[in-house]
Number of protein chains: 4
Amino acid sequence: MRQTESRTETRTQTRVDPRISESRRLVLMAALEELAEVGYGGFAIESVCRRSGVAKSTVYRHWPGKLTLVADALRSLNVQPGSAMAGVPPSGQTPRERVVEIVRHLATAFTGSTVAACTPALVDAAEHETDIRDLFHEYNAERRQTLVDAVTDGVVAGAFPARVNPDLAAVALAGAIMYRRLMTPTPMNPSDAEALVATVLGEGPSGRRG
Amino acid sequence: MRQTESRTETRTQTRVDPRISESRRLVLMAALEELAEVGYGGFAIESVCRRSGVAKSTVYRHWPGKLTLVADALRSLNVQPGSAMAGVPPSGQTPRERVVEIVRHLATAFTGSTVAACTPALVDAAEHETDIRDLFHEYNAERRQTLVDAVTDGVVAGAFPARVNPDLAAVALAGAIMYRRLMTPTPMNPSDAEALVATVLGEGPSGRRG
Amino acid sequence: MRQTESRTETRTQTRVDPRISESRRLVLMAALEELAEVGYGGFAIESVCRRSGVAKSTVYRHWPGKLTLVADALRSLNVQPGSAMAGVPPSGQTPRERVVEIVRHLATAFTGSTVAACTPALVDAAEHETDIRDLFHEYNAERRQTLVDAVTDGVVAGAFPARVNPDLAAVALAGAIMYRRLMTPTPMNPSDAEALVATVLGEGPSGRRG
Amino acid sequence: MRQTESRTETRTQTRVDPRISESRRLVLMAALEELAEVGYGGFAIESVCRRSGVAKSTVYRHWPGKLTLVADALRSLNVQPGSAMAGVPPSGQTPRERVVEIVRHLATAFTGSTVAACTPALVDAAEHETDIRDLFHEYNAERRQTLVDAVTDGVVAGAFPARVNPDLAAVALAGAIMYRRLMTPTPMNPSDAEALVATVLGEGPSGRRG
DNA sequence: CGCTAACCGAGACGGTACGTCCCGTCTTTAC
DNA sequence: GTAAAGACGGGACGTACCGTCTCGGTTAGCG
């Protein structure tokens, strides 16, 4: 009875039950919280239920298990407009500036954002669950691509030495940030971005720029 | 410690009961198996008991919980003579060769060794457990040091550009390998070591650095 | 009520919607099946829905709960023309023959008919649910009455000793059959009817035996 | 090997852990309560846990499911010294008196005792569970035997007519009591015992019996 | 013969109990 | 006296139904 949908009728498909979307929303939110707080290992569906106020049966009605729930929660991060990872600012002028900017953004995102908090959980989950693995790797590949492109542009433009393999360079840059975050007590500081780029891709300013 | 108890040496430190060391040994072995198989998340002490044939009460007598048991198991890896991670081959001639060798070794170790299988579990555990975190970070720092040293040597010797920050470089190299292992479907191939070093630290042999 | 709607009788009571009666029919049938198969304890409304193809909401629209559904299903048995319990054959000649016939019929009905299959469920349900209890006891009283009447006739006619209390005798006869069915592995065989009557009500007419 | 058990060695068997017997005791008691209150159908293990204060895991450690728990609880009734059903008083003088006494006892036991409260539950359970069925039928057979014996004695002694089939008579007597209890609103009153015996087995005192 | 009221199916929802597995603590028994 | 065995209370797992509810879609029968 809602509205007669007369006219243009954009009505894409079968009109999902509003109760479902609300439940989904609440659960996914709570799941991300839980994931960030206790990791994939400690993740308990009943805890998600308590957080979200949604009944266990409802959760299991929508997701077969912890696995897919987590996967879905993460997928929802990609979509969330305000997500720290969502948009990478490609605003820089020169290729080097663009690369530095991306690296700095990456370093920032890896400290504080929800995804960052989930990353350790994901790393572990990906090791044992194919679905999570595929999702996670794909997600990483997408995120990395901007960096690869920027580096490639720089090499083509002569801003970086020809010896630079864009793929390896991107992996080294992203890897440095990730390594510092996951395997050392001190994450990379965003302000270290320039120094990192200088180390990996050669002199910055002096490199003809100054 | 544990040294040959030279001479008379009448029991300086109470002479640990042989049953205890045997139990410890069995449990730690089983714990590593378990850890590699199901990760830190799925790790179950009762499963370790089943594997090792040691009673649960005995396990809890020696370790306060899953946490410290895992920590201890990992610590035991460091000591194990045949461990893939134990000795880093410092045999190379030039600094660059040494760095390449270390990187190659790292890439190898990250595929197949028991520690490697435990790494994802550790990454997650470290996020939530201080003890594991400290142990893990310290362990990584140690492992990384050889690389830092080798890069420093290379910079000093003029084999690598002066712009290179050895710490960042080491993190970038190790991070690249780790990133490929944990966050992509395809780990770094040991034979890529040279290309990686070339990308991060400048031209190889021919580059003569100039 | 429900009287033959004689004559014009233009719809005193709103002419029930054929969809409703069809749903009712399907559900009650399925409910009896279910009851016979899994008992009152295991009786699941959702299972009845699956059997009958009727939606759960429809079932709950017509019956407030499992209780009344079962009660209704059983009531429907009384009405069913072909029911094993429906008609008691009063065809015998002498009172003793009539009693034997009824007992034999009872023994037969207690093996194989749908009601018989439901009886244990009913016995349990009656213990805890007032509605079911009343319905069940009333039903039993009706069924027993024919027997009481036949025995009374026999006593009056001198076919049975005067000492016989018709109520107690009827209960003993029916009870014997019920006891054998519910509390022993071997139900009463219909051919035992004569022996049972002989035991409870004394020698047969001919007294032939001595 | 087991025990040195020097000496007398009264040591019947492996000495059951006192914690186990205590848990068992508490659970079985609670189970009987539960059974009497809500029947076999409504019987909930978690409710038994709440009643008894014993953890669910402990219950499942000792019994695979509701079925065997109930069976065990009932078995325990047989053993309980004070049980209403345990001892049948065979104190009567003449066979008829003995029979009347047994019947009276039966009628009494069928009103108020714990077993009586469980009987409807058992009748239902026996219908669907082989284990319960066997246990229940066996139990009934035992209980009935005293009655069969007393009747047989009476027939042999000439106190009852020769036409009486002791098995059928016992089933009729016990069945009458059970029928009244399970299938009518008014259980048999113990004081009706004589009238029942008179109806089924012929005249009492006056019955010339001598 | 078309409209409206009702019934229907589908199934989401918050619950409760199931039976399983593991936790970490503890008691008991055996060597 | 210490080790093995394992009982215990607890809590999460994932499943099955419960009884309530909100939806659209359909269909009966009146006007």
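Computed from a predicted structure; not experimentally measured. Per chain, numbering begins at 1; letters A, B, ... match sequence-line order.
Considering only the side chain of D:Arg19, F:dC8 comes nearest among E:dA17, F:dC8, F:dT22. Taking every side-chain heavy atom of A:Arg61 into account, E:dG14 is the closest of F:dT27, E:dG24, E:dG14. Ranking E:dG24, E:dC8, F:dT20 by closeness to the C:Tyr60 side chain, first place goes to F:dT20. Ranking F:dA5, F:dA12, F:dT15 by closeness to the B:Ala55 side chain, first place goes to F:dA5.
Proximity of B:His62 to the phosphate of F:dA3: no side-chain N or O atom is located under 4.0 Å from OP1 or OP2. Of the side-chain N and O atoms in A:Thr58, none sit less than 4.0 angstrom from OP1 or OP2 of E:dA12.
Taking atom CG of A:Leu26 as the reference point, atom C1' of E:dA12 lies 14 Å away to the nearest angstrom. What separates OH of A:Tyr40 from P of F:dA12 is a distance of 17 Å, to the nearest Å. Nucleotide F:dA5 holds its P atom 14 Å from the CD atom of B:Glu46, rounded to whole Å. Per the geometry, CD belonging to B:Glu34 stands 11 Å off C1' belonging to E:dC22, to the nearest Å. A:Trp63 has its CH2 atom 15 Å from the P atom of F:dT15, to the nearest Å. Counting to the nearest Å, the C1' atom of E:dA17 and the CZ atom of D:Phe43 are 13 Å from each other. Between the CZ atom of C:Arg50 and the P atom of E:dG9 there is a distance of 16 Å, given to the nearest Å. Distance NZ (A:Lys66) to P (F:dG14): 8 Å, rounded to an integer number of Å.
At a threshold of 4.0 angstrom between heavy atoms, the contacts of D:Arg24 with the nucleic acid are absent. Among the heavy atoms of the strands lying under 4.0 Å from A:Ser23 are primed sugar atoms or P, OP1, OP2 only; no base atom is included. Note on B:Val54: nothing from the nucleic acid sits closer than 4.0 angstrom, heavy atoms only.
For D:Pro64 and D:Pro18, each mapped to the nucleotide of DNA chain E holding its nearest heavy atom, the one lying further toward the 5' end belongs to D:Pro64. Checking B:Gly53 against C:Ser47, the closest nucleotide of DNA chain F that is more toward the 5' end is the one next to B:Gly53. Closest-nucleotide positions on DNA chain E for D:Ile45 and B:Ile45 were compared, and the one nearer the 5' end corresponds to D:Ile45.
Evaluation of atom-type donor-acceptor distances gives a pair under 3.5 Å for the side chain of B:Lys56 against the base of E:dG24. No hydrogens or angles were tested; on distance alone, a donor-acceptor pair under 3.5 Å links the side chain of C:Ser57 to the base of E:dA10.
A heavy-atom distance below 4.5 Å is not found between the side chains of B:Phe136 and B:Glu127. For the pair C:Ser52/C:Val59, no side-chain contact is recorded, criterion being any heavy-atom separation below 4.5 Å from C-beta on.
Using a cutoff of 4.0 Å between basic side-chain nitrogens and carboxylate oxygens, D:Glu37 and D:Arg51 are scored as salt-bridged. Ion pairing of A:Glu22 with A:Arg25 is present here, as a side-chain N (NZ or NE/NH1/NH2) and a carboxylate O approach within less than 4.0 Å.
Remark: B:Leu69 CG to B:His62 NE2 distance equals 11.0 Å, nearest 0.5 Å.
Side-chain N or O atoms of B:Glu46 include none that pairs as donor or acceptor with a backbone N or O of B:Lys56 at under 3.5 Å.
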